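Predicted model, so just to flag it, every value in this text is computed and none were measured. Letters A, B, ... are given to chains in the order of the sequence lines, protein chains preceding strands, and every chain is numbered from 1.
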Number of protein chains: 4
Amino acid sequence: MPERTGPPGRRPRADAQRNRSHILDVAEGYFAEHGIAGSLDAIARRAGVGPGTLYRHFPNRDALLAALLEARNAELVSRRDRIHDEAADATEALERWLEALGDWVAAFDGLPEPLRAALREESSPLALTCEGFITTTDDFVRAARDEGGARPGVRGRDVFLGVLAMAWVRGAAMADDQAPPALDALLRTGWAAPADEA
Amino acid sequence: MPERTGPPGRRPRADAQRNRSHILDVAEGYFAEHGIAGSLDAIARRAGVGPGTLYRHFPNRDALLAALLEARNAELVSRRDRIHDEAADATEALERWLEALGDWVAAFDGLPEPLRAALREESSPLALTCEGFITTTDDFVRAARDEGGARPGVRGRDVFLGVLAMAWVRGAAMADDQAPPALDALLRTGWAAPADEA
Amino acid sequence: MPERTGPPGRRPRADAQRNRSHILDVAEGYFAEHGIAGSLDAIARRAGVGPGTLYRHFPNRDALLAALLEARNAELVSRRDRIHDEAADATEALERWLEALGDWVAAFDGLPEPLRAALREESSPLALTCEGFITTTDDFVRAARDEGGARPGVRGRDVFLGVLAMAWVRGAAMADDQAPPALDALLRTGWAAPADEA
Amino acid sequence: MPERTGPPGRRPRADAQRNRSHILDVAEGYFAEHGIAGSLDAIARRAGVGPGTLYRHFPNRDALLAALLEARNAELVSRRDRIHDEAADATEALERWLEALGDWVAAFDGLPEPLRAALREESSPLALTCEGFITTTDDFVRAARDEGGARPGVRGRDVFLGVLAMAWVRGAAMADDQAPPALDALLRTGWAAPADEA
DNA sequence: TATGAATGAGTCTTCATTCAT
DNA sequence: AATGAATGAAGACTCATTCAT
């Protein structure tokens, strides 16, 4: 019984923690199955808790989503660090970062939508997450540009939006195996031939 | 549709035709105002017909949307023809076509979504519309490529998807005035510097 | 209760009017039982219709209440006419009118509350009803005043509010048989002795 | 849970006392702001305690309200005493007492409602409070009546209810500046002209 | 005793679609 | 053909109260 009674540093109750992460597990599965537009009540039901419990932990869908992404965020951040360490040059780094970002956005079907919405009204907990990665993207873009690998005038924010957009449209192109890489290439080099601007 | 005639006076149902086009008018205004996610009931109400009538003419939202776009399609087609006539070269033509396509997709707030969905399951009446324009886009792309203005390997379908994607993400970027042109440029030339691939 | 429901499973589609009045019947009983704060869903359930059907007929609680009162309104109006015809003088008329008003307000337990609320924000369908009766009350008050039976300076609106208020407290005084008439008398003559103001 | 009645003099813990009065402070502010229908959870939160703690001190909303009024009761009682000391005659005293009572009831928006309810079912802690003031009111009324200032047959209870009622309806009449005094006058002298009963 | 997590029935509301009239 | 009433599942979210910690 290492539990000291009294009011020392309040730690979250064990059962609450358990519940929270259980809800997250269930939500992950549910969202993976039904896309992120599924019913929150259904998630609560499947998790075996009342809707109030879910709402206590996550006051709205975005909060739940943000919590769900948090785990992946850590992964994304570590991937960023790895890229910093391993990439031969800034251009390759940017490329790999965008790939990482693309994977992150593809975590759940329909995820691009709330991310876009969050970018619109900054009050969402998702907005913070996004802004962080926008900044990171901008850093990568800048470095690549300094190196001559990225086109001048391209902003990190736009590239981020581009990744988001491509991830969104990819949802439609699943039957077409060539589409995903084609879309990445499109974002990378555009449709115009280089000669066009020389 | 086998027209069943009863008593004499077998008219081609002028009133039904009138109804149909009236519904379309109303729907156009409604979608322009509220985005394409508005309630179909509300449209029927505003058009002064019962929901059943609306449903008879357009069995679901996509059908309505498709019919709505058909009118614009004519415009888009004529724009295509004008481009063919006026454009100095195939590259400029493609550029202008994509601009036209962008305008077309931006007709209603939220339109990219059902278009994307239609591309997924081809059963939607919107799918046909899209496929037509994909073909057209491909024609433009091919011509530009033959001319050296478009990058080899770029498919019309991908470019179409790219336009769709950019139109979609644009919804989020409204506060940012630089974003729309930046996104167009991104799609045109990508983020990578030309030197990168020379 | 010989509940006239159709064969189990398939509910025979009733005429809209009949459905409407059936809902009203049920609502009347339900409100009489549980007071006017009861659940609308419960009423729909009890009426054997979906909540949507109830909402189609009565978009909100006030609308339902207003419809419920409409029948009684007719009665109140005819009572008003009878009073006009029968009352010996304007003072007796006012007296009888207030009695009628009191009966009207006592139709459902808790009715004074939404009436008061409606008086606050005039958008409610109940507001119209109330305003009409306020006007009528004012007419009666004026006539009585001209005759010397009502105190100068008393406005119809205040008297109406007084009736509402007394009906409201009456809910508390049920155990006390003397209270209702005492409250009426209080409203009529006040607590102060006439000598006090001579 | 065995009730430990043996050794008496078990004082409440100091921190419990502190908690209790802090909750009261917070509740006072909250009710003053949001009316008495606000969420108890919100009060607990604002007070920095758990809802369980609030519940332990005040098993329900009425108990909290009663405790809250107790503080004001002292003030009301002292006002009563001051009236006794200062009033020139019993009629003026009654008048001033009713004014005091009106202020008391107006302490919180929506307060009349639970008071009325408490009068109905005497089990509420508010009932006691009310009964005390009803008695006081009756004393004032009697004294005034003996002096010829109050109408014979008027009972303290009824006058109390009248004050409650007028306070209740006043909530609706706020837009109308003339209403509050008009309602007071109505309660004082009624709508009938004195001549009517001479 | 204090805490605050959990409960879960309950609130109102919407809407695509069906089907009796 | 047209109508529009009916459906009823589903949605998000609340909150007084209980109970495990």
### Task
Ignoring hydrogens and angles, tell me if any N or O in the side chain of His34(B) forms a donor-acceptor pair with the backbone of Tyr30(B) under 3.5 Å.
yes
### Query
In terms of side-chain heavy atoms of Asp41(A), which of dT17(F), dA9(F), dA12(F) is nearest?
dA12(F)
### Message
When you measure from the side-chain N and O atoms of Ser39(C) to the phosphate of dG10(E), is any distance below 4.0 Å, counting only OP1 and OP2?
### Response
no
### Message
Cation-pi check for Phe108(D) against Arg72(D): NZ or CZ below 6.0 Å from the six-membered ring centre and within 45 degrees of the axis, yes or no?
### Response
yes
### Query
Going by heavy atoms closer than 4.0 Å, what residues in residues 53-62 of chain D are next to DNA chain F?
Tyr55(D), Arg61(D)
### Query
Distance under 6.0 Å and angle within 45° of the ring axis: does Arg116(A) meet both against Trp168(A)?
no
### Task
Take atom CZ of Arg45(B) and atom C1' of dT14(E), then tell me their distance rounded to the nearest Å.
11 Å
#### Entry: 5' precedence on DNA chain E between Leu40(C) and Gly38(B) (nearest-nucleotide basis)
Leu40(C)
### Task
Specify the residue among Gly52(B) and Pro51(A) whose closest nucleotide of DNA chain F lies further upstream toward the 5′ end.
Gly52(B)
### Summary
When every non-hydrogen atom of Leu40(C) is compared with those of Leu54(C), the smallest separation belongs to O-CD1, 3.6 Å
### Task
Quick one: the dot-bracket string of DNA chain E, using Watson-Crick and G-U wobble pairs with both distances under 3.5 Å, [ ] for crossing pairs and | for bases paired to another strand.
.||||||||||||||||||||
### Message
I'd like to know if Arg120(D) and Asp109(C) make a salt bridge, using a cut-off of under 4.0 Å between side-chain N and carboxylate O.
### Response
yes
### Query
Between Ala37(B) and Arg18(A), which is nearer to the 5' end of DNA chain E once each is assigned its nearest nucleotide?
Arg18(A)
